[in-house]
Amino acid sequence: NAGVTQTPKFRVLKTGQSMTLLCAQDMNHEYMYWYRQDPGMGLRLIHYSVGEGTTAKGEVPDGYNVSRLKKQNFLLGLESAAPSQTSVYFCASSRSPANTEAFFGQGTRLTVV
Amino acid sequence: GENVEQHPSTLSVQEGDSAVIKCTYSDSASNYFPWYKQELGKGPQLIIDIRSNVGEKKDQRIAVTLNKTAKHFSLHITETQPEDSAVYFCASRGGSYIPTFGRGTSLIVHP
């Protein structure tokens with residue numbers, strides 16, 4: 001039982017490059033989330049999805065896009081990376097209804113130079 | 001939207017002491033309050049949670065209390081051990097289904 005798997009684990013990008021972070025979950029969860037974690041800022045929600053084919057903006061969505069074409073996958077895209085996007089990115093998933101545990105992936109450490 | 005405040009940001013204790021981390025929330029509709037532990041290089045993992053119809057919950061050395069009137073909840077760790085050293089996050093979830101996290105507390109347990 002893999003749970004939530006993030007790919008890649010580490011990445012270095014040059015300013016202006018693009019990339020996609022992949023999140024896959026095998027728990028048949030409806031809800032999926034992308035967070036970024038920065039020192040002293042906790043976990044800030046970038047985008048989320050409440051089901052296949054749906055996406056919504058979170059607290060800090062600028063500079064990111066997402067897609068949920070399949071229920072088990074949630075992709076986070078950076079079209080033109082900026083140094084301010086240097087962070088650790090976490091994907092999470094949870095089942096419906098609302099008051100249930102969120103399961104997190106291991107994180108992706110992204111550095112933009 | 002929901003606002004969750006967490007204190008302290010850093011907590012240093014001696015092994016065997018107790019540790020308390022406190023959180024406040026703003027949305028009176030919030031009804032689920034989980035606590036996550038994040039070890040170095042890993043993703044957060046749920047350690048205990050409490051729902052709004054319960055005032056206190058215990059699991060071995062860990063307990064959580066909830067005061068809905070005052071809109072605050074706390075994590076209590078007794079008999080701390082070096083392996084308890086980690087970052088702890090509180091969270092609140094209400095009708096929007098989206099959890100809001102506190103900024104985290106770095107707990108350091110000195111042997």
Side-chain angles (χ1 to χ4, degrees), chain A residues 1-7 9-10 21 23-25 27 29-51 54-61 66 74 87-109, chain B residues 1-10 21 23-27 29-54 57 59 64 66 68 73 86-107:
Chain A
N1 188 358
V4 178
T5 302
Q6 292 183 230
T7 308
K9 290 183 172 52
F10 303 92
L21 281 67
C23 177
Q25 53 96 1
M27 297 172 284
H29 285 171
E30 289 292 336
Y31 299 85
M32 297 188 74
Y33 318 86
W34 276 108
Y35 292 91
R36 59 177 290 171
Q37 184 176 26
D38 303 291
M41 300 299 292
L43 294 161
R44 293 185 292 169
L45 184 65
I46 304 171
H47 286 280
Y48 65 97
S49 168
V50 299
T54 74
T55 62
K57 294 181 180 180
E59 180 186 357
V60 289
V66 288
F74 195 28
S87 187
V88 180
Y89 292 86
F90 286 100
C91 175
S93 71
S94 66
R95 65 174 174 84
S96 183
N99 55 348
T100 56
E101 173 184 1
F103 291 82
F104 283 81
Q106 292 280 69
T108 296
R109 182 173 294 277
Chain B
E2 174 73 293
N3 183 45
V4 177
E5 299 283 340
Q6 182 173 346
H7 299 280
S9 57
T10 305
I21 302 170
C23 289
T24 61
Y25 63 98
S26 61
D27 187 354
S30 293
N31 57 14
Y32 176 63
F33 307 92
W35 285 89
Y36 290 84
K37 176 183 181 181
Q38 184 181 26
E39 296 178 340
L40 195 62
K42 297 184 178 180
Q45 188 169 11
L46 181 78
I47 54 171
I48 195 167
D49 57 13
I50 191 168
R51 288 168 173 76
S52 59
N53 59 345
V54 176
K57 184 178 179 180
D59 183 3
V64 57
L66 171 65
K68 284 217 71 178
F73 55 113
V87 178
Y88 291 82
F89 291 98
C90 64
S92 171
R93 181 184 291 185
S96 70
Y97 306 148
I98 307 303
T100 300
F101 287 84
R103 293 194 172 193
T105 296
S106 178
L107 174 64

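Values below: every heavy atom of this structure, side chains too, minus hydrogens, waters and symmetry copies. Letters A, B, ... are given to chains in the order of the sequence lines, protein chains preceding strands, and every chain is numbered from 1. All figures in this text were calculated on a predicted structure; none of them were measured in a lab.
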Interchain contact, B:Pro99 with chain A, by part (heavy-atom threshold 4.5 Å): both
Contacting moiety of A:Phe103, where chain B heavy atoms sit under 4.5 Å: neither
Portion of A:Leu43 that has a non-hydrogen atom of chain B nearer than 4.5 angstrom: both
By side-chain hydrogen bond (donor to acceptor under 3.5 Å, both in side chains) - contacts of A:Gln25 (at least two apart): none
Region of A:Gln6 in contact with chain B, defined by heavy-atom distances below 4.5 Å: neither
Under 4.5 Å from a heavy atom of chain A, the part of B:Gln38 involved: side chain
Within-4.5 Å side-chain heavy-atom neighbours: B:Phe101 and A:Gln37: no
Shortest non-hydrogen contact between B:Arg103 and A:Gly40, atoms and distance: CD-O, 3.4 Å
Main-chain N/O of A:Ala102 paired to B:Tyr36 side chain as donor or acceptor, under 3.5 Å: yes
Chain B contacts, top residue of A:Lys9, A:Gln106, A:Glu59, A:Arg109 (heavy-atom pairs, under 4.5 Å): A:Gln106
